[in-house]
Amino acid sequence: MNDGSQPSAAFLPIAEPAQMRRAALRLIRLDGRAFAAMIFLNALAAGAGLVGPWLLGRIIDQVKAGAEVSTVDRLALAILLFGLAQLLLARYASYVGHRFGERTLARVREQYTERALALPASVIERAGTGDLTTRGTTDVAAVGATLRDSGPDVLIAGVQALFILGTVFTLDPLLGACGVLGLLGIWFAVRWYLHRALPAYLAEGAANSALAEQLAATTAGARTVEALGLQQRRIEACQEAVERCRRARTRTLFLRSVLFPLVDVSYVIPVAGVLLVGGVLHEHGGMSLGAVIASALYLRQLSQPLDVILQRVEQLQSSGASFARVEGLGLAPQTRPAASPLMPRDDRLDVSNACYAYDGADDVLRDVDLTVRPGERLAIVGPSGAGKTTLGRLLAGIDTPRTGSVTVGGVPVAGLDLDQLRQRIVLVTQEHHVFLGTIRDNVQIAAPSAADAELCAALTAVGADWIDDLPDGLDTELGQGGYRPDGAQAQQLALARVVLADPHTLILDEATALLDPGTARHTERALAAVLSGRTVVAIAHRLQTAHDADRVAVMQDGRITELGSHDDLVTADGAYAALWRSWHGEPPAATSR
């Protein structure tokens, strides 16, 4: 059970624009051929699309000059052929782009999973599950939609827009200048939007994470909420989070409601300008009627790719914010120091003058000195908030002391390679997780090569006899649509994994809290028998655990105030003796005056 000294959640970092650009370029380089092919095919498709308006202008000029019908037919057939070529090239370019997007999305997902699994447990606990889950689901999905749909569409539209403007300038530089000047309204509107959009979408993502955190906390603690009558308080907290989401969403909707009307008006201006200027030029013989019509058609055609770009701007901004959050996971603080090249000489744990504080607050551990001998069973007891859980985390290498040291065999625990650390020390708390899959899958995580006989022995050791009553035994599916173990059964599955992992040192932080007292004591003794010769550190609220231990460490206000065997501490008549009498309902010992 948490001893009250844990910090509150803090959100994970967000990548800066420069870091996002480097990450995007890295992803492009990993599939550079497909990206180059996509650009080349889009360029060919855009080029084929430019031929139609030019040929239409030629038809107008030919008809005006009195050309025969066969000439018009040939030009019309050419328009049809180039239109078909544009369709086929654009179709194949889209296919290549989608394949590029799916492969890149797979890399993003794999990288996110690797980064999440590599995060120190302390960082995950500080961040909270809501932020981490939102980044791995909603944000990754938004990035995937951009890679699969928006990205290729915007790339195609961008190439088309550049080709169209270039063609208008080729027909007549003055008409090209009129078209560009007419588009300045779009440039100002988009600039106004982009300046405000990214912060607004980041705020929306943060609000969504906060809401997910509130809902997850309320759902996980539903029984506690009901037992303590906290329903109204939790409803109000969730409503506040929903309101923050609504305000953030309304802000992004406002930005779009300003952008799109301005853009729609701006489309008409360049076409009207070209027709007016082109008409004057044609009137004075400076340009053919076909060229004027072709230029106007090109600029009218320009609205289609610009529409695609602007309609996708929202998704690009939203996914850009999501990509910043996904990439930000790689910037999360890596609290573990570099792995030590030294190997522990034995399994002795030494805590020397250790102090620890969460996020710059006051120390929750103060000058702790403790030695845990190999094979010893040590119980750590004390009131809530005394620092028991924090000391257990230091012993397990999850956190590093602010001052002092925590070593195993003379090597800093936090400096061990993670694989090596988990072979030596395993921390088990009352928090547990049941994975989707069978009971075999859940238990075999700790030892993938373990045979069924070993799995059954581990389950028996922790008192999980209920599995024998299930029709499919180890093959029973757990989770939605299958068997749903209660809290105590899930805790037994977690303890069975520990038995299979067979660490040199086991730290139990209220690991049997969800079991009834009799079952808990039986499980702890069974674990001690199975892990005979191993070191067991039990952080306990049930003092029967302390009674069975070789030594007991009593903590108060972040310090170890008493250390010795159960009998010695009871005889000393100090804080432990008072706890023991209180546990058994005995009156306090009489004090001499």
Side-chain angles (χ1 to χ4, degrees), residues 24-25 27-59 73-109 140-168 170-171 179 183 186 260 263-264 267 271 294-320 322-323:
L25 289 174
L27 290 172
I28 290 173
R29 284 196 299 269
L30 290 173
D31 204 356
R33 286 188 177 181
F35 187 77
M38 182 171 56
I39 293 177
F40 179 70
L41 290 168
N42 286 324
L44 289 179
L50 294 175
V51 177
W54 179 77
L55 289 175
L56 183 59
R58 291 276 297 164
I59 289 175
D73 289 343
R74 286 195 301 273
L75 292 173
L77 179 61
I79 292 175
L80 178 62
L81 292 176
F82 277 101
L84 181 61
Q86 182 189 20
L87 175 64
L88 295 176
L89 287 169
R91 179 83 175 179
Y92 189 61
S94 178
Y95 170 76
V96 173
H98 278 73
R99 286 179 61 85
F100 167 80
E102 288 296 342
R103 286 194 297 268
T104 304
L105 175 59
R107 293 188 179 98
V108 171
R109 284 174 171 157
V140 169
V143 173
T146 297
L147 291 171
R148 184 176 54 251
D149 301 317
S150 302
D153 288 349
V154 168
L155 182 60
I156 294 170
V159 172
Q160 289 175 340
L162 289 176
F163 275 41
I164 289 172
L165 285 175
T167 304
V168 175
T170 301
L171 287 172
L183 295 173
I186 296 178
F260 291 128
V263 168
D264 288 339
Y267 282 150
V271 177
S295 297
L297 288 175
Y298 279 130
L299 290 174
R300 184 59 188 152
Q301 191 182 56
L302 186 62
S303 64
Q304 189 273 332
L306 288 181
D307 257 342
V308 172
I309 293 173
L310 294 173
Q311 287 173 3
R312 295 293 191 179
V313 161
E314 175 195 356
Q315 189 170 354
L316 288 174
Q317 287 297 302
S318 177
S319 63
S322 294
F323 189 52

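Along the sequence shown, residues are numbered consecutively beginning with 1.
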First locate atom [atom1] of [X], then atom [atom2] of [Y], and finally report the distance between them rounded to the nearest 0.5 Å.
X: T104; Y: I28; atom1: OG1; atom2: CD1; value: 8.0 Å
X: L27; Y: F323; atom1: CG; atom2: CZ; value: 5.5 Å
X: L89; Y: L84; atom1: CG; atom2: CG; value: 9.5 Å

Next on the checklist: Tell me the closest heavy-atom pair linking V143 and S319, and the distance in Å.
Outcome noted: CG2-O, 4.0 Å
Checklist outcome for this item: Note: A93 and L41 closest approach over all heavy atoms is CB-CB, 3.6 Å
Checklist entry - Which pairs with one or both residues in residues 74-90 pass side-chain hydrogen bond (donor to acceptor under 3.5 Å, both in side chains), sequence neighbours excluded? => result T71-R74
Item to check | E102 vs L105 side-chain heavy atoms within contact, under 4.5 Å | outcome: yes
Checklist entry - Is the CZ atom of R91 crowded by more than 12 outside heavy atoms at less than 6.0 Å? => result no
Checklist outcome for this item: Exactly one of D73, L81, L75 clears side chain to side chain contact (heavy atoms under 4.5 Å, CB included) with L77, and that residue is L81
